[in-house]
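Numbers restart at 1 for each chain; the letters A, B, ... are given by sequence-line order, proteins then strands. Not measured: the values here are computed from a predicted model.
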Amino acid sequence: MESEAGEAVSRRFDDVIRLALERGFFMPASEIYGDAPAGFWDYGPLGVALRRKFIELWRRELVKRDGMLEIDGAQILSKSVFKASGHLESFVDPIARCSRCKAIYRVDKLIEEKTGIHVPERLDLGEMRRIVKERGIRCPSCGAKLADFAHFNMMFRVGVGAAGSDAYLRPETCQNIFVDFMRIYKTMRGKLPLAIAQFGKSFRNEISPRQGLLRMREFYQAEIEVFFNPNRANEFPKAEAVMDYALRLQPVGEDKPLEVSCREALDRGLVSSKLIAYYLALIQQFYEKAGIPRNRIRLRELDPDEKAFYAVEAWDLEVETSLGWIELVACNNRGDHDLGGHQKASGHEMEVLDGSERVLPHVFELSMGVDRSIYCILESSLATSNGKTVLKLPPYLAPIDVAVLPLISKEPLTSKAREIYDALKLEFDAVYDESGSIGRRYVRYDEVGVPVCVTVDHQSLEDDSVTVRFRDTAHQLRIDLDEVAGFIRGYLAYP
RNA sequence: GCGGCCGUCGUCUAGCCUGGAAGGACGCUGGCCUUCCGAGCCAGCGGUCCCGGGUUCAAAUCCCGGCGGCCGCACCA
């Protein structure tokens, strides 16, 4: 892929990484040591602030808007949890190693490739070994015998306590929600449909992590699990509010997204229920408010081969970037896989009363990749103006709200500016800066997306006014000092 | 995990082929100057040349191994 587009692609990705490294958004973990494993990243000060604001927007647009309950679960969970969830068995790849050149292969894929026989991933290893032997399948690169048949599980195993009992770092945050469901339902006086949300870390031992924040071994998810009565997924009054909202749906068989209202999507049977249409609308609206242009968002239906082992209906919210379409949110109808599995394995009742009906709730999830979202927001906000970088984040996502600057670095302008900074710093994420020319400082803050700068000049000393300078236009406005806080508050307001 | 390319101050890079004092630009810090968009001047800061081993009088440079990055394949539960 050496086309012009291909080159532009890598340049744009590189621009984001360069900005991130240079200005402290994020950096490789364990960076100063040579044995730093791939797939682990540290967030720096600006990255933390951006992520915090992104999550605050998520709380506002999804959790609060919909009256969801938020929890914060443990990252290490018992082996039994993953036995019941299916991850211990299904979260694995069957692999084998060449006895001579040591290359590692996916056995199921290799058999399929060589013989055309479809091999279920979960087929017994002995069975796979038998097929390989019978069909005389050998190492594709050197022709030697295959050996060391094994399951590679992508969960990180940890030893708990002195005995080192097996437990696992969660590969998805939602298992806490399923395990805790009954207690939350009871103690919070729950009623179906009930949505429980969680923001936190997950861990997957990726074979080959790559592309910065896009595929990590330790990463943030913001997940929402909606528990509902499958017989009543169309009795959903809240959905009326979004019936005219246009989804960008790409059902199986389409090669580009269709603009269809929720109503039309339901009428045409593209989406299976009002409940699902409603949540697809909420998540798409959320990304529009996070600053991703609508025409770069799509909700793509997964065909059966692509779906996770637990999914019965699956839509991915994807965003188009210079690297292609990136999956940011998995919207899965998980059916009763989870509560059913935990009910059976734990012996704990998971059925609840919905009216007079006794029902094992089904689950629709919105599983968001936070770090990937941060990358996409950075990339889509990155603009160039007169050869200079301007990060055009929505103001309410900007890591720094306001920079307070004396026009020149000289008393009494500096003292005056410091007073203003002190008055703003508790309410806002503010910085004070007197280093370098005023133009240099504007550029410095444009580059990290600060939406407004407050500048103290000679006139400020006479009449207690300041100028407010806007990142996106470089225009300035003079306002009275006692209106500054209110003005910034208004400018940073959510849409 | 395989294959190709690659790894030098915070960032970008010169130097590597042909072994011989790690240099520049931007940035950052302090000062002077400066009343609005990367100004100027002065003085500074900043590098385990990815790591380990080998060859050599001498290694950023050559060789081997590892780690990491990008791209392609595979994978993405």
Side-chain angles (χ1 to χ4, degrees), chain A residues 1-2 6-7 9-10 13-15 17-24 27-28 30-40 44 82 85-93 95-98 101-106 108-110 113 121-122 139-142 152-155 171-172 202 204-212 214-217 219 306-311 316 323 326-327 330 332 367 369 372 385-390 405-410 413 435-447 453 455-461 467 469-471 473-476 478:
Chain A
M1 191 172 74
E2 290 309 310
E7 284 164 29
V9 160
S10 52
F13 176 79
D14 291 347
D15 286 346
I17 299 294
R18 188 176 307 130
L19 179 70
L21 290 175
E22 198 166 1
R23 302 304 304 270
M27 63 212 96
S30 311
E31 196 183 3
I32 64 168
Y33 290 102
D35 63 351
F40 298 94
F82 300 111
S85 71
H87 284 87
L88 219 44
E89 201 185 308
S90 302
F91 200 56
V92 294
D93 291 335
I95 55 172
R97 186 184 291 272
C98 169
C101 72
K102 303 300 175 199
I104 288 179
Y105 298 97
R106 278 281 300 265
D108 56 327
K109 300 279 173 190
L110 195 60
E113 188 188 317
E121 234 176 80
R122 274 181 269 176
C139 173
S141 80
C142 78
F152 175 73
N153 194 299
M154 300 222 285
M155 285 194 292
E172 51 181 14
S202 287
R204 297 178 185 177
N205 201 357
E206 293 280 356
I207 294 171
S208 142
R210 203 173 274 193
Q211 293 179 324
L214 297 182
R215 262 178 82 202
M216 304 196 289
R217 288 178 166 139
F219 57 101
E306 291 181 287
K307 285 189 294 198
F309 64 86
Y310 46 68
D316 277 355
L323 300 168
I326 309 245
E327 173 196 340
N332 292 312
S367 173
R372 292 175 164 200
S385 162
N386 300 327
K388 290 167 277 185
T389 299
V390 182
L405 315 169
L407 184 61
I408 56 166
S409 172
K410 200 172 230 174
L413 289 177
S435 159
S437 72
I438 189 67
R440 175 184 294 271
R441 280 174 281 159
Y442 287 149
V443 168
R444 202 179 275 157
Y445 294 107
D446 285 349
E447 196 180 28
C453 292
T455 305
V456 177
D457 60 13
H458 189 64
Q459 192 180 329
S460 308
L461 302 171
T467 64
R469 181 266 189 190
F470 297 93
R471 172 194 72 197
T473 59
H475 286 147
Q476 279 176 287
R478 181 166 288 277

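For B:rG24 and B:rG44, the P atoms lie 13 Å apart once the distance is rounded to whole Å. Straight-line distance between the C1' atoms of B:rA59 and B:rG54: roughly 11 Å, to the nearest whole Å. Comparing the C1' positions of B:rG23 and B:rA60 gives a spacing of 13 Å, expressed to the nearest Å. Using atom C1' as the reference point in both B:rG69 and B:rC28, the two lie 26 Å apart (nearest Å). Distance noted for atom P between B:rG15 and B:rG7: 11 Å (whole Å). Separating the P atom of B:rG30 from that of B:rG1 is a span of 47 Å, rounded to the nearest Å. For the P atoms, the distance linking B:rG65 with B:rC5 amounts to 14 Å, nearest Å.
Side-chain atoms of A:R441 and A:P406, non-hydrogen and from C-beta on, do get closer than 4.5 Å to each other. Counting only heavy atoms from C-beta outward, the side chains of A:Y442 and A:C453 approach each other to under 4.5 Å. Using a 4.5 Å cut-off on side-chain heavy atoms (C-beta onward), A:H87 and A:M154 make no contact.
Applying the side chain to side chain contact (heavy atoms under 4.5 Å, CB included) test to A:P28 and every residue at least two apart in sequence or in another chain returns A:L21, A:E31, A:W41. Shown here are the side chain to side chain contact (heavy atoms under 4.5 Å, CB included) partners of A:K410, two or more places apart in sequence or in another chain: A:I408. Remark: A:S409 engages A:E434 in a side-chain hydrogen bond (donor to acceptor under 3.5 Å, both in side chains) (not counting sequence neighbours). Take A:R23 and apply the salt bridge (Lys or Arg N to Asp or Glu O under 4.0 Å) test, not counting sequence neighbours, and it matches A:E447. A:D457 is linked by a salt bridge (Lys or Arg N to Asp or Glu O under 4.0 Å) to A:R478, counting only residues two or more places apart in sequence or in another chain. For the side chain to side chain contact (heavy atoms under 4.5 Å, CB included) test, residues two or more places apart in sequence or in another chain that qualify with A:R440 are A:S437, A:R444. Evaluation of the salt bridge (Lys or Arg N to Asp or Glu O under 4.0 Å) rule for A:R469 yields A:D446 as partners, not counting sequence neighbours. With sequence neighbours excluded, the residues forming a salt bridge (Lys or Arg N to Asp or Glu O under 4.0 Å) with A:R215 are A:E206, listed by chain and number.
The pairing partner recorded for B:rG3 is B:rC71, the criterion being a Watson-Crick or G-U wobble arrangement whose two distances lie under 3.5 angstrom. Pair assignment for B:rC9 gives none, since no Watson-Crick or G-U wobble pairing has each distance under 3.5 Å. Base-pair partner of B:rU29: B:rA43 (Watson-Crick or G-U wobble, both distances under 3.5 Å). Pairing partner, B:rG52: B:rC64, with both Watson-Crick or wobble hydrogen-bond distances short of 3.5 Å. Within the shown strands, nothing qualifies as a pairing partner of B:rU35 under the Watson-Crick or G-U definition with both distances less than 3.5 Å. Across every strand in view, B:rG20 sits in a pair with B:rC57 that passes the Watson-Crick or G-U test at under 3.5 angstrom.
When each of A:N205 and A:K388 is assigned the nucleotide of RNA chain B bearing its nearest heavy atom, the one mapping closer to the 5' terminus is A:K388. In terms of position along RNA chain B, the nucleotide closest to A:G387 lies nearer the 5' end than the nucleotide closest to the other residue of the pair A:G387 and A:A36.
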Can you check nucleotides 3-5 of chain B for protein contacts, nitrogen or oxygen pairs under 3.5 Å, and list what you find?
none

Would you tabulate the pairs of protein nitrogen or oxygen atoms and nucleotide nitrogen or oxygen atoms of nucleotides 45-53 of chain B closer than 3.5 angstrom?
unit_1: B:rU48; atom_1: O4; unit_2: A:I32; atom_2: O; d: 2.2

I'd like a table of atom pairs between the protein and nucleotides 41-43 of chain B - only N or O on both sides, under 3.5 Å - with the distance next to each one.
none

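Counting to the nearest Å, the C1' atom of B:rG38 and the OH atom of A:Y445 are 14 Å from each other. Following rounding to the nearest Å, A:D14 (CG) and B:rG7 (C1') show an atom-to-atom distance of 14 Å. What separates CZ of A:R441 from P of B:rG38 is a distance of 12 Å, to the nearest Å.
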Contact pattern, 5' to 3', of nucleotides 23-36 of chain B - B, S or - by protein heavy atom under 4.0 Å: ----SSS----BBB
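Across B:rC76, B:rC71, B:rG68, the shortest atom-to-atom separation from the side chain of A:M154 is found for B:rC76.
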